[in-house]
Amino acid sequence: MLVVMQAHATEEQVRAVCKKIESLGYRAHPMPGEQRTAVGITGNAGVVEPGTLDEMPGVAELIRVSKPYKLVSRDVKPDNTVITFPGSDATIGGKNLAIMAGPCGVETREQAFAAAERVHRAGAQFFRGGAYKPRTSPYTFQGLGEEGLKILADIRSLFGLRIITEAIDNESLELVEAYADIIQIGARNMQNYSLLKRAGRARKPVMLKRGLSATLDEFLMAAEYIMSEGNYNVILCERGIRTFTDHTRNTLDLSIVPAVQKRSHLPILVDPSHGTGKRHKVIPLSRAAIAVGADGLLVEVHCDPDHALSDGAQSLYPDQLDELMAQVRQIAPVVGRSVVEAPAPISAITQ
Ligand code: PEP
Ligand code: MN
C-alpha cells in the first residue's frame, strides 16, 4: 500500500500519516519527491487495513502496490534517487556520472596510494579497493581487514576521494560503515538476507552488486531488503552474470540498465572489470555502459597488474584509466550526462 500525499501537504501532515501507519502496526517509509511525497507501507503480512488513513488531512489517495518490490519501485517514487555525500560535491544518480576506480584489493599502503593518486588525477571521485576479499579459493589473498580500511580512510583524507569497499559479513560491515563512504555488498552475498538487513540499518549508502545468476526481480528484491530496514540510499551494480559463453569471465548484461530504470528510481552502475575479466574489453564496455544510460562505472585499476594479488588480468593500467575517462567525457553529453573536471593533482609522496 502506498499513501500519496497532496502536492501541498505539510511536513506535519506527512508526519501524522506516518504515525498513524505505525499505530496500525506497520512500518512507514516517507519518500519525498519533486511533485509530492508518498509514504510506503511495509510490515504487513496480508492486505493493509487502511483504517481512516484516506480521510487524514493532506492525503490525496491510497494505492495498492501489486509488485513484490515496493520501496524500490518507481510507483512509490517517480523521481530518480540522487545520493549525496557530506563534505563532497560527488553524487550518484544525478546528471554527473559517478566514476569509481581503484585496485581489486588493498594490498599495501604504497600500492593503494599509488593507485589513488592516478584515480584522483584521472578525475574519478570515488576510490574502490577491497579490505575483505571474498575469494573462490581459501588459500588466496583474503584482504588486509581493518588495516586496509585505515589505508582507505587515509586516502580519503589526502585525495578527497569518497571510499567504497566491500563488507562480507555483519562483523566487517560494522567496520566498513565506520571507515568508508559506501558499503559494497558483493555478488556472492546478493541473497545473504541477514547481511542485507544489517546493511539496511547502516547509516551509509549501500552498493548492491547483482548476483551471478540473479534475475531482475531477484536483484530488485535484494535491494528491497535493504530499503525495508530504512536505508533508502541504495545503488545497484551490474557486474556480469554466468552464461555458457567462455570468452569472458562473465557476460555483462547491459540490457538490465534500461530494465532497472523503467522499474526503479535507484541509480545503477556498471562494472566492466568483473563483467569481462579481461583488460582489453574494459574500455569498450565502459563506453557501451555510458551509452546505454548507466549512472556510472566501477573499474579496477592497478599500477602493476602483473603482480596484483587479485584480478590483475582485468585491471587497467593507469594510462588506460585516463583514456577511459577521455572517452567517457565525450560520450556523456550525448546521453545528457556530464563528468566533473579533473582536479589539480596531489602527489602521493606527501602521504
Ligand atoms: C569486487 O568488486 O571486488 C568484487 C569482488 O566484485 P563481485 O562481488 O562483483 O564479484
Ligand atoms: Mn576484483
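Both ligands and their constituent atoms are indexed starting at 1 by order of listing.
For atom 4 (C) of ligand 1, the choice among Met207, Glu300, His274 with the nearest heavy atom turns out to be His274. Within the set Lys209, Arg135, Met190, the minimum heavy-atom distance to atom 6 (O) of ligand 1 is found for Lys209.
Residues Val206 and Ala199 come closest through the heavy atom pair CG2-O, 3.8 Å.
Among the heteroatoms counted here (N, O or S) of Asp311, OD2 is the one nearest to the Mn ion (ligand 2). The minimum distance between the Mn ion (ligand 2) and any N, O or S atom of Glu300 involves atom OE2.
Looking at Arg239 next to ligand 1, an N or O pair under 3.5 Å apart turns up.
A salt bridge links Arg201 to Glu229: at least one charged side-chain nitrogen sits closer than 4.0 Å to a carboxylate oxygen.
Classified by interplanar angle (parallel below 30°, tilted 30° to 60°, perpendicular above 60°), the ring pair Tyr232/His29 is perpendicular.
Counting only distance, with no hydrogens or angles, the side chain of Asp181 and the backbone of Phe85 share no donor-acceptor pair below 3.5 Å.
Atom 8 (O) of ligand 1 has as its closest protein heavy atom Ala187 N, 2.8 Å.
In this structure, Arg210 has no heavy atom closer than 4.0 Å to ligand 1.
Note on Leu216 and Tyr225: same hydrophobic cluster, where clusters join Ile, Leu, Val, Met, Phe, Trp and Tyr whose side-chain heavy atoms are under 4.5 Å apart, directly or indirectly.
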